[in-house]
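Here's the structure we're looking at; comments come further down.
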Number of protein chains: 2
Amino acid sequence: MNLSTPLTRPSLHEELVTRLREAIVQGTLEPGAKVPERELCESLGVSRTPLREALKVLANEGLVVLESNRGARVSNVTMEELEAAFPVIAVLEGLAGELACARASDGEIARIALRHRDMFRHYEAGNRPAYFQANRDIHDALMAAARNPVLAQHYTMLSSRVERARLLANVSDSRWAEAVEEHHDILAALETRDGARLRELLTAHLNNKLAALKKALS
Amino acid sequence: MNLSTPLTRPSLHEELVTRLREAIVQGTLEPGAKVPERELCESLGVSRTPLREALKVLANEGLVVLESNRGARVSNVTMEELEAAFPVIAVLEGLAGELACARASDGEIARIALRHRDMFRHYEAGNRPAYFQANRDIHDALMAAARNPVLAQHYTMLSSRVERARLLANVSDSRWAEAVEEHHDILAALETRDGARLRELLTAHLNNKLAALKKALS
DNA sequence: ATGTTGAATTATGAATACAATTTGAGATGA
DNA sequence: TCATCTCAAATTGTATTCATAATTCAACAT
């Protein structure tokens, strides 16, 4: 049991931030939708103050846009935003891979390898949702292995902004096969702890993802 | 006169975020200092609501920490944070350089070159504050030339977190000379639009900066 | 029918009020 | 003297209220 943490109850606005962020990322709150304060307050059982605080935070992250005197709406996933965000995510993942090669424990790498095998199985079974979930787990595990909280924080922020694009666009089967190929190389680089190569592979992987999304959304 | 913009008045909390961020970055609000709500409200002439909203946003950025029921305090600049943040800033600047080489107008590059000459002058005059300011201007101009708002947003957030370290540590003269040398190469790569090289130079430059800070703070 | 106007309604931005927690000074006792 | 306890004052977290801007929609003119 952890005795160093001062036993702090999470404040309402913090919980709201995480819950709203989840709702936005998984599409419960749809892009472009207005966020009616009163309604949300009632369904969540809180007053407007903490809800509005949470909206300010999410606006700062880019998940909602505040229109003065007209309230908040969930930000739209635009092609411009994806084209801006993906290269940034790409270099962040590249850095994460490089750090993970240097810092990950053998156990962590083994666990990531295991998840890769899961993911490959899901690919062969043609199970996209399970594949996506495994994919996310892998990227998150890699980020954790990099042991850089600042990196992780910004990665989370950016991921939440683009994750929603997946709901809008199913990439082609051919791109899917390509992505799986890339992941084979990624895993190999991680297992040999070839940081420079993993960085390049991850950066390229993310940039390819953007290209695929572009195609799927046009 | 611009008639396309819908004439929107900036909300209080937005102005507070920028003003408080500035105050924190330039050290007016010192690291570790408590942020007394009442006092700030009076001196800023606003009520607690928008101030608290701003504090939530700054907390999300990592500039302040919220202690439940005990208010906010300016976050401390720790070595762990610098070691985490600098590599991230390094890859972001690298990306910015790469993009700037591809996208900057000749005029923009000329302006950055001009600021470089300013900066070199300040170095020769031994004027550190002016040098720092010119340095910041250069990095900001480069970021603007990259034309990637997501990149710029995250760069701003991260810069504000580490900028404060400069107030705590004066780097050595020898490192200063090194940094100036590096900037000569950086400018050359930008002027020849050698994106790959500029990326490497900027990433290395930032990582060297961290090493110098480490030395100066130990 | 179509479009415009403007009062009534609603929603938002900000201030204030209230409740819960922390802080700190002084009392109490060993 | 020192530690602990008590309780008031101050500070924070949340709710509510107030003022203002936006929206709606019925009445009207074209």
Side-chain angles (χ1 to χ4, degrees), chain A residues 3-21 23-24 29-76, chain B residues 2-21 23-24 28-76:
Chain A
L3 296 178
S4 67
T5 309
L7 183 58
T8 178
R9 207 150 303 285
S11 60
L12 282 184
H13 94 269
E14 277 180 42
E15 293 201 33
L16 288 175
V17 167
T18 57
R19 286 191 59 174
L20 290 177
R21 185 167 26 218
I24 292 173
L29 288 173
E30 287 178 19
K34 271 178 302 193
V35 182
E37 290 184 5
R38 257 185 56 79
E39 204 175 301
L40 266 183
C41 286
E42 285 174 14
S43 65
L44 292 168
V46 298
S47 82
R48 283 176 61 211
T49 307
L51 175 66
R52 296 179 99 262
E53 288 170 350
L55 288 176
K56 302 289 182 289
V57 171
L58 292 173
N60 192 54
E61 291 187 10
L63 286 178
V64 310
V65 291
L66 302 177
E67 296 164 334
S68 54
N69 290 318
R70 264 183 275 185
R73 55 176 64 238
V74 179
S75 69
N76 281 302
Chain B
N2 184 359
L3 295 179
S4 67
T5 309
L7 184 57
T8 177
R9 205 151 305 284
S11 60
L12 283 184
H13 94 269
E14 276 179 42
E15 293 201 31
L16 288 175
V17 166
T18 56
R19 286 191 58 174
L20 290 177
R21 185 168 22 220
I24 291 173
T28 311
L29 289 173
E30 288 179 18
K34 274 174 300 197
V35 182
E37 290 184 4
R38 215 181 46 77
E39 207 174 297
L40 266 184
C41 286
E42 285 175 13
S43 64
L44 293 168
V46 299
S47 82
R48 283 176 61 211
T49 305
L51 175 65
R52 288 171 57 74
E53 289 170 350
L55 288 176
K56 302 289 183 290
V57 170
L58 293 173
N60 193 53
E61 291 186 11
L63 285 178
V64 309
V65 291
L66 303 176
E67 295 164 335
S68 53
N69 290 316
R70 264 183 272 183
R73 57 178 61 238
V74 180
S75 69
N76 281 301

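Reminder, nothing fancy here: chain letters follow the sequence lines and each chain counts from 1. Predicted model, so just to flag it, every value in this text is computed and none were measured. Just the heavy atoms: all of them, side chains too, but no hydrogens, waters or symmetry mates, feed the values below.
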Could you measure the distance from the [atom1] atom of [X] to the [atom2] atom of [Y]? Nearest 0.5 Å is fine.
X	Y	atom1	atom2	answer
A:S11	B:N69	OG	CG	9.5 Å
A:E61	B:N60	CD	CG	4.5 Å
A:I24	A:L63	CD1	CG	5.0 Å

**Asked** Looking at residues at least two apart in the chain, or sitting in another chain, which of them share a side chain to side chain donor-acceptor pair (under 3.5 Å) with A:E39?
**Response** none

**Fill in**
Taking every heavy atom of B:E30 against every heavy atom of B:V74, the minimum-distance pair comes out as O-CB, 3.3 Å

**Complete:** Between A:S75 and A:G62, the two heavy atoms sitting closest are OG-O, 3.0 Å

**Prompt:** Mapping B:R38 and A:G45 onto DNA chain D by nearest heavy atom, which one lands closer to the 5' end?
**Reply:** B:R38

**Message:** Taking the nucleotide of DNA chain D with the nearest heavy atom to each, does A:N69 or A:S47 sit closer to the 5' end?
**Reply:** A:S47

Atom [atom1] of [X] to atom [atom2] of [N]: distance rounded to whole Å?
X	N	atom1	atom2	answer
B:L66	C:dT21	CG	C1'	16 Å
B:E37	C:dT21	CD	C1'	13 Å
A:E67	C:dG13	CD	C1'	15 Å
B:E15	C:dG13	CD	C1'	14 Å
B:L16	C:dA15	CG	C1'	14 Å
B:R70	C:dG24	CZ	C1'	14 Å

**Request:** Check salt bridge (Lys or Arg N to Asp or Glu O under 4.0 Å) between B:R19 and all other residues, then give those that pass, not counting sequence neighbours.
**Result:** none

**Asked** With sequence neighbours left out, what residues match B:R73 under side-chain contact (heavy atoms from CB on, under 4.5 Å)?
**Response** B:K34, B:V65, B:E67

**Span of DNA chain D in contact with chain A (heavy atoms, under 4.0 Å)** = D:dT14 to D:dT23

**Asked** Do any of residues 48-61 of chain B sit with a heavy atom less than 4.0 Å from DNA chain C, and if so which?
**Response** B:R48, B:T49, B:P50

Side-chain donor-acceptor pairs under 3.5 Å in residues 48-57 of chain B, sequence neighbours left out?
{"unit_1": "B:R48", "atom_1": "NE", "unit_2": "B:E37", "atom_2": "OE1", "d": "2.8"}
{"unit_1": "B:R48", "atom_1": "NH2", "unit_2": "B:E37", "atom_2": "OE1", "d": "3.2"}
{"unit_1": "B:R52", "atom_1": "NH1", "unit_2": "B:E37", "atom_2": "OE2", "d": "2.6"}
{"unit_1": "B:E53", "atom_1": "OE2", "unit_2": "A:R52", "atom_2": "NH1", "d": "3.2"}

